[in-house]
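Written below as structure tokens is the structure these notes are about.
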Protein chains: 2
Amino acid sequence: MDTRDRIIQSAARLFHEQGYAATGVATILREADVNSGSLYHFFPSKEALLENVLDSYLARLYPEIMEPMEKSEPDPVSRVLKLMDWYTGFLDENGCRLGCPVGNLALEVSDTHPQLRSLIDRNFENWTSIIHGWLEEAGAALPAGCNRRALARFILTVMEGGVMQSRAAGSTVPMEQSVEQLKSYFDALTRQAAQELAPIARSA
Amino acid sequence: MDTRDRIIQSAARLFHEQGYAATGVATILREADVNSGSLYHFFPSKEALLENVLDSYLARLYPEIMEPMEKSEPDPVSRVLKLMDWYTGFLDENGCRLGCPVGNLALEVSDTHPQLRSLIDRNFENWTSIIHGWLEEAGAALPAGCNRRALARFILTVMEGGVMQSRAAGSTVPMEQSVEQLKSYFDALTRQAAQELAPIARSA
DNA sequence: GTTATAGTTGATTGATCATTCAACCAAGCA
DNA sequence: TGCTTGGTTGAATGATCAATCAACTATAAC
């Protein structure tokens, strides 16, 4: 890996573990085994470095997380449910630490750094668009009148909110309970969709 | 207001606006119009000061936000829906900035400061317990088998996740869409509860 | 009036902060 | 061989960081 990529990788890891403000440039330099001059040769500032970290997150979401999901699970609704479990598992594997690198930055820098805010937003939009695609792919498995864009947003909302509480609790319980509720909502939606398709059938 | 309270108030405001790491003690001193010796007379460290800020959040949630809600809206289900709108309104009034002071800190310091993490958790638990109480109060308006504790957690999850995305987007749309979905879930639950109460009646 | 207690003052500490820069080096090309 | 380009070195900068502390003041107790 070349110097530039090594800097981005180290910065990404440290920003994720410690946050943006709490991470010193000196620590990034040590971690990447690079001198300060090299870092400032590639990036004009610490903020610009974070911009590149966010760019790399944006570029990697689909090929590294979403595309493998598509290949391992053909049914779009099951795939969405699987994704929820994947996030819960990720949280568990890390002992309820770290969480979402983009979400962390969203709350830390959105108000004070407009440029970064917009890049974070693009990351969220990208995530939402992919899931939106899956939900459209689900076709009649979801109710016809269901706002699938809003539903995709809602899934991200629940993932981020659940992760936040689980990190604070030091336990996966809040995340699991949130996912349980979201799945119960999904159940209601798919049941409604099934009824729309077969309006004659009735439950006892 | 005495010196100690002035320090806590200024610290709370600045931590909320800029984050914990990004806020310097010198800025707090200037804001509170206090000398450093005074601050360190009351609080042994910046971290201890944040602990007191979190204590004050914990003490103020019920009397300042939840109790007024209870007094203005007697029906517990309507009250929960009203609370969602209240958070959306708060976000809007602040131009999609600030967000939840506890949520911000949860993502910034949970991993690195165990003491603070536990205090943040207590704030979330407090919030959840109050809403859990409301949902129990709702009685048969919700399905008998519904996990009301998990549902209370879920509402907090959606609030925090929605606020995060709205701050990143600089727009209330993500928050509104998330609340819309949550209300639709609530609708499904109350409809189910109504059916449990009147099992004979059927829809066309 | 004396003495203790609680709180205030603000200069000072050494560490760490992000950033700069002149010197240096290796590879490619003339 | 000399020149250019892209990258590296690491000491140095001034600002800001959290925290300290000895001196000082106001209040209350006796």
Side-chain angles (χ1 to χ4, degrees), chain A residues 1-56 101 104-105 108-117 119, chain B residues 1-56 101 104-105 108-117 119:
Chain A
M1 201 186 328
D2 67 4
T3 305
R4 208 189 109 99
D5 288 343
R6 225 166 53 244
I7 295 171
I8 291 181
Q9 197 194 34
S10 298
R13 233 196 66 196
L14 289 163
F15 290 158
H16 193 191
E17 288 173 358
Q18 313 183 321
Y20 175 65
T23 298
V25 172
T27 313
I28 300 172
L29 297 173
R30 204 181 318 121
E31 188 82 3
D33 195 31
V34 155
N35 290 96
S36 63
S38 284
L39 191 150
Y40 284 96
H41 172 72
F42 293 108
F43 311 102
S45 68
K46 187 187 173 188
E47 185 177 339
L49 172 55
L50 177 51
E51 284 175 27
N52 280 271
V53 168
L54 286 166
D55 276 339
S56 95
N104 298 350
L105 292 163
E108 187 182 353
V109 305
S110 279
D111 288 1
T112 45
H113 301 74
Q115 190 99 356
L116 296 173
R117 186 196 59 69
L119 261 157
Chain B
M1 198 184 331
D2 67 4
T3 306
R4 208 189 109 100
D5 289 342
R6 224 165 54 242
I7 295 171
I8 291 181
Q9 198 194 32
S10 298
R13 232 194 67 195
L14 289 162
F15 291 157
H16 193 190
E17 289 174 355
Q18 312 182 323
Y20 175 66
T23 299
V25 173
T27 313
I28 300 172
L29 298 174
R30 203 181 317 123
E31 189 82 3
D33 196 28
V34 156
N35 290 95
S36 63
S38 285
L39 189 151
Y40 285 97
H41 172 74
F42 293 108
F43 312 101
S45 66
K46 186 187 173 188
E47 185 177 341
L49 172 55
L50 177 50
E51 283 174 27
N52 280 272
V53 168
L54 286 166
D55 276 338
S56 96
N104 298 351
L105 292 164
E108 187 182 354
V109 305
S110 279
D111 289 0
T112 44
H113 301 75
Q115 190 98 357
L116 296 173
R117 185 195 60 70
L119 263 158

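Order of the sequence lines sets the chain letters (A, B, ...), proteins ahead of strands, with each chain counted from 1.
Between the NE2 atom of H41(A) and the C1' atom of dC25(C) there is a distance of 13 Å, given to the nearest Å. The interatomic distance linking L29(B) (CG) with dT12(C) (P) rounds to 17 Å, in whole Å. Atom-to-atom, CZ of F42(A) to P of dT9(D) comes out at 11 Å; the value is rounded to the nearest Å. Rounded to a whole Å, the CD1 atom of I28(A) is 14 Å from the C1' atom of dT16(C). Atom P of nucleotide dT8(C) and atom CD1 of I7(B) are separated by 8 Å, given to the nearest angstrom. For the pair F43(A) CZ and dA18(C) C1', the interatomic distance rounds to 15 Å; values are reported in whole Å. For the pair L39(A) CG and dT8(D) P, the interatomic distance rounds to 11 Å; values are reported in whole Å. For the pair L50(A) CG and dA18(C) C1', the computed distance is 15 Å after rounding to whole Å.
Considering only side-chain atoms of N35(B), the nucleotide from dT9(D), dT9(C), dT8(C) that sits closest is dT9(C).
Judged by distance alone, the side chain of N35(B) and the main-chain N or O of S38(B) form no donor-acceptor pair under 3.5 Å. Checking side-chain atoms of E108(B) against main-chain N and O of A21(B) turns up a donor-acceptor pair under 3.5 Å. Distance alone, capped at 3.5 Å, places no donor-acceptor pair between the T27(B) side chain and the T23(B) backbone.
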For a quick check, with a 4.0 angstrom heavy-atom cut-off, what is the B/S/- contact string for nucleotides 14-21 of chain D, read 5' to 3'? ----SBBB

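Both tests hold for K46(A) against Y20(A): distance to the six-membered ring centre under 6.0 Å, angle to the ring axis within 45°.
The side chain of T3(B) contributes an N or O atom lying less than 4.0 Å from OP1 or OP2 of dT8(C).
Taking every heavy atom of both residues into account, I7(B) and I28(B) meet most closely at O-CG2, 4.2 Å. Closest approach of D33(B) and R6(B) over heavy atoms only: O-NH2, 3.4 Å.
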